[in-house]
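Counting begins at 1 with the first residue of the sequence.
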Amino acid sequence: QVQLVESGGGLVQAGGSLRLSCAASGRTFSRYGMGWFRQAPGKEREFVARISMSGVITNYADSVKGRFTISRENAKNTVYLQLNSLKPEDTAVYYCAANQRTTGWANPSEYDYWGQGTQVTVSS
């Protein structure tokens, strides 16, 4: 069982930056690939970024590539998402999720555990 708690969301102007954190409970954090997803009002939850168990492999949605960076510190049971050059269309609730499989990492249904989400609002 893994519990995930996100933090770091807030209100920021377009072009600004935020750093989201996701703290995980348990001693098996390094056995999980981690993903960030987001969901805007009236839209489906969409993949943002993922990082492999070791942190060596990362993948991003095209819409955030070059602007967002995912990282993790297994010693601290924490995964991060650095959001730079934010745009109003990045406004959403951001969720972190844990996945024990190495495939299907862009599919929300492949993730076993989810956090409660943190709101990111980007004003124009």
Side-chain angles (χ1 to χ4, degrees):
Q1 191 81 352
V2 175
Q3 292 184 327
L4 304 173
V5 179
E6 302 97 333
S7 61
L11 173 64
V12 63
Q13 289 188 333
S17 298
L18 285 173
R19 190 193 197 200
L20 307 183
S21 299
C22 174
S25 65
R27 295 177 288 181
T28 60
F29 178 70
S30 62
R31 298 180 186 175
Y32 289 87
M34 298 299 296
W36 284 97
F37 290 78
R38 66 187 181 185
Q39 188 165 18
K43 295 188 176 181
E44 293 187 352
R45 191 166 298 190
E46 66 172 356
F47 169 75
V48 175
R50 61 84 68 154
I51 188 165
S52 62
M53 299 175 190
S54 64
V56 172
I57 301 171
T58 58
N59 298 88
Y60 298 90
D62 288 343
S63 59
V64 307
K65 203 171 292 183
R67 299 188 298 121
F68 293 6
T69 303
I70 189 171
S71 61
R72 68 188 295 164
E73 288 189 77
N74 286 345
K76 294 184 177 181
N77 281 13
T78 303
V79 62
Y80 306 97
L81 187 67
Q82 178 68 39
L83 290 66
N84 295 332
S85 303
L86 282 161
K87 305 174 182 180
E89 51 264 43
D90 294 318
T91 295
V93 177
Y94 283 71
Y95 299 89
C96 70
N99 177 357
Q100 283 192 295
R101 293 169 288 282
T102 58
T103 58
W105 37 261
N107 185 347
S109 65
E110 293 293 323
Y111 284 77
D112 306 298
Y113 302 101
W114 291 84
Q116 84 289 348
T118 185
Q119 176 71 47
V120 171
T121 303
V122 184
S123 63
S124 58

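In this structure, OG in S85 is found 7.0 Å from CZ in R67, a value given to the nearest 0.5 Å. Atoms OG1 and CE, on T58 and M34 in that order, are 14.5 Å from each other to the nearest 0.5 Å. A distance of 9.0 Å separates CD1 of I70 from SG of C96, quoted to the nearest 0.5 Å. Interatomic distance, N74 CG to R31 CZ, rounded to the nearest 0.5 Å: 12.0 Å. Once rounded to the nearest 0.5 Å, the distance linking OG1 of T118 with CD of Q116 reads 7.0 Å. To the nearest 0.5 Å, atoms OG (S123) and CG (L86) are separated by 10.0 Å.
Of all heavy-atom pairs between A24 and V2, the closest is CB-CG1, 4.2 Å. The shortest heavy-atom contact between S21 and W36 is O-CH2, 3.8 Å. Considering all non-hydrogen atoms of both residues, P88 and A14 come closest at CD-CB, 4.1 Å.
Between K87 and D90 there is no salt bridge, since no side-chain nitrogen of the basic residue lies less than 4.0 Å from a carboxylate oxygen of the acidic one.
Every residue was checked against the ring pair (Phe, Tyr, Trp, His ring centres under 6.0 Å) condition with Y95, not counting sequence neighbours, and none meets it. Residues meeting the ring pair (Phe, Tyr, Trp, His ring centres under 6.0 Å) test with F68, sequence neighbours left out: none.
Taking 4.5 Å as the limit, some side-chain heavy atom of Q82 sits within range of a side-chain heavy atom of S17. By the 4.5 Å heavy-atom criterion applied to side chains, R38 and R45 are not counted as neighbours. Proximity of L18 to V120: side-chain heavy atoms (C-beta onward) are separated by under 4.5 Å at one or more points. Between Y32 and N99 the shortest side-chain heavy-atom distance does not fall below 4.5 Å.
L83 and F37 fall into different hydrophobic clusters, defined by Ile, Leu, Val, Met, Phe, Trp and Tyr side-chain heavy atoms under 4.5 Å apart, directly or through other members. Hydrophobic clustering, with ILVMFWY side chains joined whenever heavy atoms are under 4.5 angstrom apart, groups L81 together with L4. W114 and V48 are assigned to two separate hydrophobic clusters, defined by single-linkage of ILVMFWY side chains at heavy-atom distances under 4.5 Å. Residues F29 and Y113 share a single hydrophobic cluster, defined by chaining ILVMFWY side chains whose heavy atoms lie under 4.5 Å apart. No continuous path of ILVMFWY side-chain contacts below 4.5 Å connects V93 to L20, so the two sit in separate hydrophobic clusters.
Under a cut-off of 6.0 angstrom, the local environment of NZ in K65 is crowded, with over 12 non-hydrogen atoms contributed by other residues, nucleotides or ligands.
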- Message: Run the ring-ring contact (aromatic ring centres under 6.0 Å, His included) test on F47 and Y60 for me, step by step, so that the C-alpha distance in whole Å, both residues' side-chain angles and the decisive distance to 0.1 Å come before the verdict.
- Response: CA-CA 8 Å; F47 169 75; Y60 298 90; 8.2 Å; no
- Message: Does R50 form a side-chain hydrogen bond (donor to acceptor under 3.5 Å, both in side chains) with N59? I'd like the steps, not just the answer.
- Response: CA-CA 5 Å; R50 61 84 68 154; N59 298 88; 2.8 Å; yes
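Looking at E46, its side chain never comes within 3.5 Å of a backbone N or O of Q39 through a donor-acceptor pair. Judged by distance alone, the side chain of T78 and the main-chain N or O of K76 form a donor-acceptor pair under 3.5 Å. Judged by distance alone, the side chain of R72 and the main-chain N or O of S52 form a donor-acceptor pair under 3.5 Å. Not a single donor-acceptor pair under 3.5 Å links the side chain of E73 to the backbone N or O of N77. Between the side chain of T91 and the main chain of V122, a donor-acceptor pair closer than 3.5 Å is present.
The cationic group of R101 does not satisfy the cation-pi geometry with Y111, failing either the under 6.0 Å distance to the six-membered ring centre or the 45° limit from the ring axis.
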